[in-house]
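To keep things clear, I will list the structure first and then write my remarks on it.
When reading the values below, keep in mind they use all heavy atoms of this one structure, side chains included, and skip hydrogens, waters and symmetry mates. Numbering of ligands and ligand atoms starts at 1, following listing order. In this text the structure is predicted, and so the values were computed from the model without any measurement.
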Amino acid sequence: METVREWLNALRTGECSARDAVTTALERIRTVDPQLQAVIAIDPERALAQADTIDRQRAGGEDPGPLAGLPIGIKDVICEKDVECTCASQILKGYRPPYDATVITMLRRAGAIPVARLNMDEFAMGSSTDHSAFAITRNPWDTNRIPGGSSGGSAAAVAARMLPCALGSDTGGSIRQPAALCGVTGLKPTYGRVSRYGLVAYASSLDQIGPLALTVEDIALLLPHLAGHDPHDATSANLPVPNYPAALFQDLRGVRLGVPKEYFIAGLDPAVETAVRSALHLFARNGADCVEISLPHTEYAIATYYIIATAEASSNLARYDGIHYGWRAPESTTLDEVYSHTRRRGFGEEVIRRIILGTYVLSSGYYDAYYLKALKVRTLIRQDFTRAFDTVDAIVTPTSPTPAFALGEKLNDPLQMYLSDIFTVSVNLAGIPGLSVPCGFSPDGLPIGLQILAKPFDEMMLLRVGHAWQQLTDFHLRRPPVCATSFSRPTTHA
Ligand code: GLN
């Protein structure tokens, strides 16, 4: 049992009870996670109790839901009632949210069982998971390398087959980039497609929750249980949720794919370029029409993103004051000391850097030059995409300019770290959906990801193109050296 479909088949036929499913996932975590450290916490009793309820419902002839018994991992930035939620930060140690995020409520209603809290860069700020305050997560393809970030725990846990699927969050690439670097499939939905209620805010105008799994088919099975309008999130869209699995029955014929020339630049690893170019040939051979397009404001994306994201972060993170949430520096004697000691010691270096940057670009005298200007450039970037989608159905690019880099390699060079988001941040600035699928391997055996983009709310197109791609290739089924299941494909559950 590896893919969501395989797990659900086994659960539906009764080959595996919900209790067996949770036990299997926990066993896999116990066996493999010590090498990877993707998991921050597990709560076996809670997960097994939910499993037993599902098994009882099934035994009593009730329908426990379309995802009944499916174990899922949750990035430690999404609230589950009474479960510690740390955002991989010292400052939130001990914080137990009093409510469930809407995605958690929806998943539980469908019968899915959250079994693990997954590691990440502190407050989702980073591209390597090096910035976690608790553990260094390793890439299952090479444990001396980073899994990507900030949803590095989610990507590593799925790649190593500990869990069939996980939730991540994506503000500037945090689902797609780790998915690419770990060789799994990850979707950042359109801004407003999935409720952000219960997602700890990093940059509220960019953040989205999305799924990571092994296949596009699995993403299509999960998305109906995440998407939809939520009165608790004023930015969630009041639009019908399409029948996502129906996208899997369409092929590539007649699909117009745009290839932006600004994405094939100096700094792009030759292995990544080769893999993406061969993908384009395969698309063309299978009926898609590939055309070169231009997204002329691409070169401003990183600067624009790091102004807007840090500005919003500086405001969102003001609430961690040592009083409202989590941890408080114990030695403080005055109110000012509570604030300053708690924030100085509770936040890591990268988070502090961003709060300072964000405060600077919002401060009087600099607001117009930086923040206001960035908002204007954001509009230009969004218009680039709107114009492109007048002539193409989807856009295809590399997800990340390089395969996974070494642990700690970019830790002391923030600019280099920021540049690893060069192909992903525009998507959040424009609010459009993006999917990353495995598309090859580097000469060192590291996975490479292909990013597919579509118009706002056209997740169907992403699933169609992504699934067609996975029907033509098998990169998504290859297993990393650190893997919880055996090296032969299971036949019984296929
Ligand atoms: N790496 C980007 C950043 O550090 C994106 C992070 C994210 O998407 N949460 O901000």
Side-chain angles (χ1 to χ4, degrees), residues 74-78 87-89 118-132 137 146-155 166-182 186-191 194 196 199-212 301-317 347-358 361 374 378 399-402 404-405 409-411 413-436 449 451:
I74 310 293
K75 185 178 181 181
D76 204 21
V77 68
I78 298 170
C87 298
S89 181
L118 301 174
N119 200 19
M120 54 185 282
D121 285 299
E122 184 175 358
F123 283 103
M125 297 175 186
S127 315
S128 64
T129 313
D130 276 331
H131 294 302
S132 166
T137 299
I146 55 105
S150 63
S151 311
S154 304
L167 291 186
S169 67
D170 190 314
T171 305
S174 279
I175 291 174
R176 291 160 287 151
Q177 185 258 16
L181 271 41
C182 287
L187 172 74
K188 183 209 91 80
T190 309
Y191 186 77
V194 172
R196 290 182 298 112
L199 169 67
V200 176
Y202 161 16
S204 312
S205 77
L206 303 161
D207 299 338
Q208 267 293 287
I209 295 172
L212 294 96
I302 288 281
T304 306
Y305 170 83
Y306 276 95
I307 290 172
I308 294 175
T310 56
E312 294 185 19
S314 72
S315 158
N316 274 325
L317 272 59
F347 288 134
E349 285 306 314
E350 181 60 24
V351 174
I352 291 178
R353 180 180 296 125
R354 295 196 187 200
I355 292 174
I356 293 172
L357 272 172
V361 299
R378 179 178 190 171
T399 307
S400 163
T402 64
F405 42 94
E409 184 181 319
K410 302 193 180 182
L411 205 51
D413 192 346
L415 211 54
Q416 279 307 314
M417 187 77 94
Y418 298 171
L419 283 171
S420 57
D421 305 328
I422 190 151
F423 301 141
T424 48
V425 294
S426 302
V427 171
N428 303 71
L429 291 167
I432 62 174
L435 177 74
S436 182
Q451 179 175 238

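For ligand 1, the atoms sitting less than 4.0 Å from at least one non-hydrogen atom of D170 are 8 (O), numbered in the order shown with element in parentheses. Annotation for ligand 1: atoms under 4.0 Å from non-hydrogen atoms of A124 are 6 (C), 7 (C), 9 (N). Set against the non-hydrogen atoms of G126, the atoms of ligand 1 under 4.0 Å away are 1 (N), 2 (C), 3 (C), 4 (O), 6 (C). If you number the atoms of ligand 1 from 1 as listed, the ones under 4.0 Å from a heavy atom of Y306 come out as 1 (N), 2 (C), 3 (C), 4 (O), 10 (O).
Using a 4.0 Å cut-off between heavy atoms, Q208 makes no contact with ligand 1 at all. By the criterion of a heavy-atom distance under 4.0 Å, the side chain of Y305, and not its backbone, is placed next to ligand 1.
Residue contacts with ligand 1: M417 is excluded, as none of its non-hydrogen atoms falls under 4.0 Å. Ligand 1 lies within reach of S150, whose nearest heavy atom is under 4.0 Å from it.
For a threshold of 3.5 Å applied to N or O pairs, the pair formed by S169 and ligand 1 contains no separation below that value. The distance criterion of under 3.5 Å between nitrogen or oxygen atoms is met by Y202 with respect to ligand 1. Of the polar atoms of G172, at least one N or O is found under 3.5 Å from an N or O of ligand 1, judged by distance alone. Considering both main-chain and side-chain atoms, G149 never comes within under 3.5 Å of ligand 1 through any nitrogen or oxygen pair.
For the pairing with R176, the side-chain hydrogen bond (donor to acceptor under 3.5 Å, both in side chains) check across T399, T424, D170 returns one residue only, D170.
The shortest distance between side-chain heavy atoms of S127 and D121 does not fall below 4.5 Å.
Between the R354 side chain and the T310 main chain, no donor and acceptor come within less than 3.5 Å of each other. In terms of modelled atom types and a separation under 3.5 Å, the side chain of S151 and the main chain of G168 share no donor-acceptor contact. In this structure, the side chain of E122 engages the main chain of G348 through a donor-acceptor pair within 3.5 Å. Between the side chain of T304 and the main chain of A374, no donor-acceptor pair closer than 3.5 Å is present.
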Yes or no on side-chain hydrogen bond (donor to acceptor under 3.5 Å, both in side chains) for D207 and S169, after CA distance, side-chain angles and deciding distance? CA-CA 7 Å; D207 299 338; S169 67; over 6 Å; no
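With salt bridges taken as basic N to acidic carboxylate O contacts below 4.0 Å, none links R353 and E349.
Between F347 and F123, the angle of the ring planes goes over 60°, which puts this pair in the perpendicular group of the 30/60° scheme.
Proximity annotation for atom 7 (C) of ligand 1: of S151, G168, A203, S174, S174 comes nearest, heavy atoms only.
Summary of contacts: the protein heavy atom closest to atom 2 (C) of ligand 1 is D421 OD2, 3.1 Å.
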